[in-house]
Novice: 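Before I ask anything, here is the structure I am working with.
Atom set for the values below is all heavy atoms of this structure, side chains included, hydrogens, waters and symmetry mates excluded.
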Amino acid sequence: MSKEKKCYLAILHGVLLLCLTGTVCYSESVESQSAAEIAKLSSLVKNFKVIDLPAKAGNVKLQTSAALTVEQLRGIKLDSNPPKFTGSVPRYKKNMTDAFPAGKAPYIAQGIAPFRFKYFNNEFSYGGWRNFKMTDYAARHGFNIIFPYVRTDKEVAHLPRGTELLKWGNVSWQHWAKKHYSGTKDYLKRFDLATERDMKQMAKTAPLLHPKRISPAYKSKDIMMLDMEHPVVAPKNLSKQPWFPKSKAKQQKFIKKYYDGYAQTYIAPTKEAKKLGWKQVGIYGWQPFGRTWGGLEKATYQAGHDQAWELFGKQIYQQVDLVYNSVYSFYWSPRNVAYTLANIDLNRQIVNDQSTVKPVRPYYWPLLHGGGGGDRWWKNQPMANADMRAMITMAFFSGVDGIVCWSWSGVGSHHEKPILNSKRKFAKNSYCMVKDDFTVKAADSGAEIILKRYDVIKLLAFNQATGEVTFKKVWGANYNQSRNQVSNRQQNGPTGVANDKVLNSHLRLKSEPVAAMIEGMALIKPLEFTLRYGKVMIDVPAKQQFKQVLPIVRRVKLGKTSVIVTYDPTVVYGGKARNIVLKDFDGVKGRTLTLPADRQTRIFVLRDK
């Protein structure tokens, strides 16, 4: 039985137990602790009430006023024992921090008090320059695991008690294969050459795992994430490779050797990391169910019939301590939230099918990944805040252990001056997204051009003498209500001019969605026990919500209490708010529940009489 299941059963049966995970399972019954949590929420938030459900058939229609939103949590003390720095904050180098005055940085979730979770684990892995102050902020707002990047041990000493440090990096199969197998055709794909002995040597000689290269900041060796993203030939395509055996007698043996070799490229570094003393090891780049966008609505898992899982996935899973599945969003799309949920559900389905259920922590990127080829204006644009908030909140309705915020600023800054590149020069031909509505002048006629939030402009030229930036509008909201679609195709908009300082003040900064992430976690904090130990109830499959671009609903039930979250992603993209209708709600024939959904992430608490 897994550690998590033991802890859960101890709570369920009212037994006081110090779990193997180090967390305390409380002596109160799980339902009474949930009830106490909800009562506390009612005392904290004015006008918040639990809604009683009739036990028989009938129509129940909820109003938006019955929901908990992030707006009601601003200025509220979320944590009875909020995280505090244990010492003075170091004076960071200029290139490692930002110049915003207290409370003014784009990543600040306005009015959200410091808090941490007792029952979830969240990682803040935001590397690159100018991010130390933001990381300190995250360490007091929902995140208990921090990637210190290049901090010294003195620069982590002030972090709140209980903060764990994450180290990540790559053990390069590509480097090893190039050095040892480059004389072989398609050597980067030739995992049949990757013997267990070779992969152990690859792991031992990797700089990431060299004992003398571990910074003193990592002396506790809390968590290691192996970033290993080398692809493998899919089982359905392996027989098409020119080096696949022609002899049928050799084929089955080759298939096993090939995928065992691929598994060893992950297993050997995982074992080596544990041998060096790392307490928890996970992998980014492999996940039980591969990240999917195209065809997601048809994706399924059936025990014993997933070739990739049976051939190599199961072997890797047995070695890792936790599962990191990526849910990076590719496009500017109202399908993003449902996409993340569907991918989490598929991974959780596989994990829940195993004898040992391991923690799942999905990786979120506050920027768009940039799917598709060619000149993609949406690549690396900041996510829509409402989407970011919703997808983070809803993850905790999916049975996850927590979430990961990952990003990378390199030697640039995600907090300032989008019209400059990492070298502080004019970022010609780059794309910027508008933060708020404002008016500029047309370059040719001087006529007014109205730019709205989430419009996108392309930077064309900068006149240093006058401070004028010339740009072209290349995309604006174009939601098609009848088809539930948004086109990402570039638009031929007007060319405008504006002073560089004025223009900068109206452009979105790349760290802005971090604030929305923290707001999403803040919505979970008052209900974290109920959500951690309740049962995930899927009233409408995320794959269906993805395919049909439906308003989104998720639910967790504990005893007689249901916690429900709603969000309509189309509103942000120009659509109209819609209701969600759940017939025969929670198995009661004839009981219909109607829930409002709009651009706010809304949480309702319902209780059966």
Novice: Is the distance between the ring centroids of Tyr364 and Trp406 less than 6.0 Å?
Specialist: no
Novice: Give a yes-or-no answer on whether the side chains of Thr265 and His230 include a donor-acceptor pair shorter than 3.5 Å.
Specialist: yes
Novice: If I compare all heavy atoms of Pro160 with all of Ala139, which pair ends up nearest, and what's the gap?
Specialist: CG-O, 3.8 Å
Novice: Can Val456 and Trp378 be said to form a side-chain contact (heavy atoms from CB on, under 4.5 Å), step by step?
Specialist: CA-CA 9 Å; Val456 177; Trp378 59 89; over 6 Å; no
Novice: For the residue pair Gly277 and Lys221, what are the closest heavy atoms and their distance?
Specialist: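 Nearest heavy atoms, Gly277 then Lys221: O-CB, 3.7 Å.
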Novice: Main chain of Asn121, side chain of Asn144: is a donor-acceptor contact present, judged purely on distance under 3.5 Å?
Specialist: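 The answer is no, because no donor-acceptor pair under 3.5 Å joins these two groups.
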Novice: Is a salt bridge present between Asp401 and Arg532, judged by a nitrogen-to-oxygen distance below 4.0 Å?
Specialist: yes
Novice: Say whether, by atom type as modelled, one donor and one acceptor occur between the side chain of Trp286 and the main chain of Tyr324 under 3.5 angstrom.
Specialist: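 Looks like no, no N/O pair under 3.5 Å.
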Novice: Once rounded to the nearest 0.5 Å, what's the spacing between atom CG of Asn380 and atom CH2 of Trp365?
Specialist: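 Between Asn380 CG and Trp365 CH2, I get 4.5 Å after rounding to 0.5 Å.
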Novice: Which heavy atom in Val156 sits nearest to a heavy atom in Pro148, and how many Å separate them?
Specialist: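 So the two residues come closest at CG1-CB, 3.9 Å.
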Novice: Name the one of Arg361, Lys279, Lys274 that satisfies salt bridge (charged side-chain N to carboxylate O under 4.0 Å, His left out) with Asp321?
Specialist: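 The residue from Arg361, Lys279, Lys274 that satisfies salt bridge (charged side-chain N to carboxylate O under 4.0 Å, His left out) with Asp321 turns out to be Lys274.
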Novice: Heavy atoms only: give me the nearest Val171-Ala203 pair and the separation to one decimal.
Specialist: CG1-CA, 4.4 Å
Novice: Under 3.5 Å, is there a donor on one side chain and an acceptor on the other for Ser326 and Tyr284?
Specialist: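 Looking only at side-chain atoms, Tyr284 and Ser326 do form a donor-acceptor pair, the distance falling under 3.5 Å.
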Novice: Any chance you could measure Trp408, atom CH2, to Tyr126, atom OH, to the nearest 0.5 Å?
Specialist: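 If I round to the nearest 0.5 Å, the distance is 11.5 Å.
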Novice: One thing to verify: whether Asp136 and Arg151 come together as a salt bridge, which I'm taking to mean a side-chain N less than 4.0 angstrom from a carboxylate O.
Specialist: yes
Novice: In terms of side-chain geometry, is the basic nitrogen of Glu416 or Lys510 positioned less than 4.0 Å from the acidic oxygen of its partner?
Specialist: no
Novice: Parallel, tilted or perpendicular for Tyr107 and His415, by the 30°/60° rule?
Specialist: perpendicular
Novice: Which distance, rounded to the nearest 0.5 Å, do you find between the OH of Tyr218 and the CG of Asp153?
Specialist: 12.0 Å
Novice: I'd like to know if the side chain of Arg599 and the backbone of Pro569 have a donor-acceptor N/O pair within less than 3.5 Å.
Specialist: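 Such a contact is absent between Arg599 side chain and Pro569 backbone.
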Novice: Distance-only, no hydrogens or angles: does the Asn343 side chain make a donor-acceptor pair with backbone N or O of Tyr339 under 3.5 Å?
Specialist: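 Yes; judged by distance alone, with no hydrogens or angles, the pair exists.
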Novice: Verify whether the ring centers belonging to Tyr187 and Tyr181 lie closer than 6.0 Å.
Specialist: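 No - the distance between ring centres of Tyr187 and Tyr181 does not fall below the 6.0 Å cut-off.
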Novice: Under the criterion side-chain hydrogen bond (donor to acceptor under 3.5 Å, both in side chains), I'd like the reasoning laid out for Tyr567 against Asp387: C-alpha separation, chi angles, the key distance, then a yes or no.
Specialist: CA-CA 9 Å; Tyr567 172 66; Asp387 274 2; 2.5 Å; yes
Novice: State whether Glu528 and Lys525 are salt-bridged, where the test is any N-O pair (Lys NZ or Arg NE/NH1/NH2 against Asp/Glu carboxylate O) under 4.0 Å.
Specialist: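 A salt bridge is present here (some side-chain N lies under 4.0 Å from a carboxylate O).
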Novice: Between CG of Asn122 and CZ of Phe143, what distance do you get to the nearest 0.5 Å?
Specialist: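 The CG atom of Asn122 sits 6.0 Å away from the CZ atom of Phe143.
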Novice: Report the C-alpha separation of Glu512 and Asn385 in whole Å, then their side-chain angles, then the decisive distance to 0.1 Å, and conclude whether the side-chain hydrogen bond (donor to acceptor under 3.5 Å, both in side chains) test is met.
Specialist: CA-CA 8 Å; Glu512 182 186 300; Asn385 279 19; 3.3 Å; yes
Novice: For atom CD of Gln464, decide whether the heavy atoms of other residues, nucleotides or ligands shown that lie under 6.0 angstrom number more than 12.
Specialist: no
Novice: Looking at Thr163 and Leu159, would you say the former's side chain and the latter's main chain have a donor-acceptor pair under 3.5 Å?
Specialist: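 Here the side-chain-to-backbone pair does not exist.
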Novice: Please work out whether the ring planes of His141 and Tyr137 are parallel, tilted or perpendicular, with thresholds of 30° and 60°.
Specialist: parallel
Novice: Is the shortest distance from a Lys or Arg side-chain nitrogen in Arg554 or Asp345 to a carboxylate oxygen in the other one below 4.0 Å?
Specialist: yes
Novice: If the test is side-chain contact (heavy atoms from CB on, under 4.5 Å), which one of Ile403, Val327, Ile392 qualifies with Thr340?
Specialist: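 Running side-chain contact (heavy atoms from CB on, under 4.5 Å) over Ile403, Val327, Ile392 with Thr340 returns exactly one hit, Val327.
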Novice: Between the side chains of Arg91 and Glu155, is the shortest nitrogen-to-carboxylate-oxygen separation below 4.0 Å, so that they form an ion pair?
Specialist: no
Novice: Between Tyr317 and Trp309, does the ring centre distance come in under 6.0 Å?
Specialist: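 So the answer is yes for these two rings.
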Novice: Distance-only, no hydrogens or angles: does the Gln354 side chain make a donor-acceptor pair with backbone N or O of Ile350 under 3.5 Å?
Specialist: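 Indeed, once roles are kept as given, a pair shorter than 3.5 Å links the two residues.
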Novice: Which heavy atom of Met394 sits nearest to which heavy atom of Ile552, and what is that distance?
Specialist: SD-CG2, 3.5 Å
Novice: Is the backbone N or O of Arg453 less than 3.5 Å from a side-chain atom of Lys435, with the two atoms forming a donor-acceptor pair by type?
Specialist: no
Novice: Using the six-membered ring wherever Trp is involved, compare the ring planes of Tyr149 and Phe132 and label them parallel, tilted or perpendicular (cut-offs 30° and 60°).
Specialist: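 Plane angle over 60°, so perpendicular.
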Novice: Can you say whether the rings of His369 and Tyr328 are parallel (under 30°), tilted (30 to 60°) or perpendicular (over 60°)?
Specialist: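 Correct class here is tilted.
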Novice: Atom CZ of Phe117 and atom CZ of Phe396: how far apart are they, to the nearest 0.5 Å?
Specialist: 4.5 Å
Novice: Distance check, rounded to the nearest 0.5 Å: Gln600 atom CD versus Leu68 atom CG?
Specialist: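 Here the rounded value is 10.0 Å.
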Novice: Taking the side chain from Ser422 and the backbone from Gly412, do they hold a donor-acceptor pair closer than 3.5 Å?
Specialist: no
Novice: Would you say the rings of Tyr119 and Tyr533 are close, in the sense that their centroids are separated by under 6.0 Å?
Specialist: yes
Novice: Using modelled atom types only, decide if a donor and an acceptor are shared between the side chain of Lys204 and the backbone of Met199 within a distance under 3.5 Å.
Specialist: no
Novice: Do Leu166 and Ile146 make a side-chain contact, defined as non-hydrogen atoms from C-beta onward lying under 4.5 Å apart?
Specialist: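 No - every pair of side-chain heavy atoms lies 4.5 Å or more apart.
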Novice: Under the side-chain contact (heavy atoms from CB on, under 4.5 Å) criterion, do Val323 and Val351 qualify, and how do the steps go?
Specialist: CA-CA 9 Å; Val323 172; Val351 169; 4.3 Å; yes
Novice: For the pair Asn499 (side chain) and Val502 (backbone), establish whether a donor and an acceptor sit closer than 3.5 Å, ignoring hydrogens and angles.
Specialist: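 Looks like yes, one N/O pair under 3.5 Å.
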Novice: Distance alone, cut at 3.5 Å: any donor-acceptor contact between the side chains of Ser413 and Asp98?
Specialist: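 No donor-acceptor contact under 3.5 Å links the two side chains.
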Novice: If I compare all heavy atoms of Ala390 with all of Thr601, which pair ends up nearest, and what's the gap?
Specialist: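 Minimum heavy-atom contact is CA-OG1, 3.3 Å.
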Novice: Is it possible for you to check whether Arg140 lies under 6.0 Å from the centre of the six-membered ring of Phe85, through NZ or CZ, and within 45° of that ring's axis?
Specialist: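 Yes, Arg140 sits over the ring of Phe85.
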